[in-house]
Amino acid sequence: MSAYRCVRAAVSTTEAGSPGRDLINAREEIVDLVINADNAFDRTALERMLTIEEEDVSDADEGEITSDLSPIQANSQPIHGNSHPIHEICALNSPVISPSGAEEDDDNMPPSSVEAMSVPPPTCHLTDEQQVIFNAIMEAVRLPDHQVRNHRGFAVIAPAGCGKTVLFNKLLQTCRAEGMPAIACALTAIAALLFLDGETCHKTFGIPMRGWTSGKERSFLENFSPEAEKLRKAKLILIDEVSMLSAEQAFLVDELLRMVMGKPDLLFGGKCVVLGGDMAQVLPVIRGLSPRAVAVRAWGHWPQLQKFSLTKKHEGSEKP
Ligand SMILES: Nc1ncnc2c1ncn2[C@@H]1O[C@H](COP(=O)(O)OP(=O)(O)OP(=O)(O)O)[C@@H](O)[C@H]1O
């Protein structure tokens, strides 16, 4: 297993399919390291991550990976400060997609290829169906906080290739251009890379890396932490790949936002939150529970969300 896949396993807690036993063991060990480290991405934890399966990693690989850690070590900060963006961790050894679509050897990735994985700032015009959703969400976002009486929860359901990422980046860009802070996050770091300054849901909401089958898991964010302050200030929060979000994680996000906003009676504390994804894509994988039981649609407030769909695939989209 490459170092890239070890790190990816640590941040990708609900990967589709059934990971092999090696991957499960590696993931659990990595998660322990990350959770127990004083600094989530300090050098020791990372070095330990990268040597978990040292028998499978050649000496040459190890040398290259170790040298790649120096910028992280130089700039490492405490987890409750401004910790390193996950894309820098993933950038260590991310796969390169060649023009033919084939995955190239991830050990030889030039730095520029990480940028190539991200969607560039949206310059194209939105289609009619994208525009309708954009207008509805922006109208909700622009509502002054003191006028918020009802919840502002949306769901944008779109099969692959229908332009959800483009729409979300347009929303992010517009909000920020108007001086309104906006957050985009996804359950996996790889999905978060597609957004302008995207981050993982675990970072945004303090979702524990595992253990949410107990029904008692709570966010590890404190009400007066910088992360909570960032949520308070955000005018828009986009959560992508929501088909990977479990009912319990949705509950956690809702509960956290109600607390942070001091509005316990309003869904998401009245915050404008958009859940995006394709329900026909992957479902959360939690051992011992059926997909239906863990899917976000089992969350009690799912029916209350204002739902939109994108239906038209774009010409040139190679996604199935
Ligand atoms: N308004 C638009 N004008 C031109 N091209 C567009 C537009 N919207 C989307 N596209 C193109 O369609 C393709 C798919 O878009 P996008 O990646 O946003 O889909 P998606 O719904 O996010 O897919 P997935 O769920 O798999 O991430 C991309 O190549 C994108 O550039």
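Residues: numbered from 1 along the sequence shown. As the structure lists them, so they are numbered: ligands from 1, and atoms in each ligand from 1.
- With respect to Arg258 and Glu255, no salt bridge is recorded, no charged nitrogen being found less than 4.0 Å from a carboxylate O.
- Remark: ligand 1 atoms within the under-4.0 Å shell around heavy atoms of His125 are 1 (N), 2 (C), 3 (N).
- Taking distance alone, with nitrogen or oxygen atoms compared against 3.5 Å, Ala160 stays at or beyond that limit from ligand 1.
- To the nearest 0.5 Å, atoms OG1 (Thr165) and NZ (Lys170) are separated by 15.0 Å.
- Ring centroid separation for the pair Trp299 and Phe268 comes in under the 6.0 Å cut-off.
- Note that SG of Cys175 is 11.0 Å distant from CD1 of Ile237, once rounded to the nearest 0.5 Å.
- Checked by distance only, ligand 1 and Gly163 come closer than 3.5 Å through their nitrogen or oxygen atoms.
- Checked against a 3.5 angstrom limit, the closest N/O atoms of Leu126 and ligand 1 fall outside it.
- The shortest heavy-atom contact between Ala182 and Leu172 is CB-CD2, 3.8 Å.
- For Phe205, there are no ring pair (Phe, Tyr, Trp, His ring centres under 6.0 Å) partners at least two apart in sequence or on another chain.
- The contact set between ligand 1 and Pro159, taken as ligand atoms under 4.0 Å from a residue heavy atom, comprises 21 (O).
- Between Thr165 and ligand 1, a contact under 3.5 Å exists for at least one N or O pair.
- Near Thr127, the atoms of ligand 1 lying under 4.0 angstrom from a non-hydrogen atom of the residue are 1 (N).
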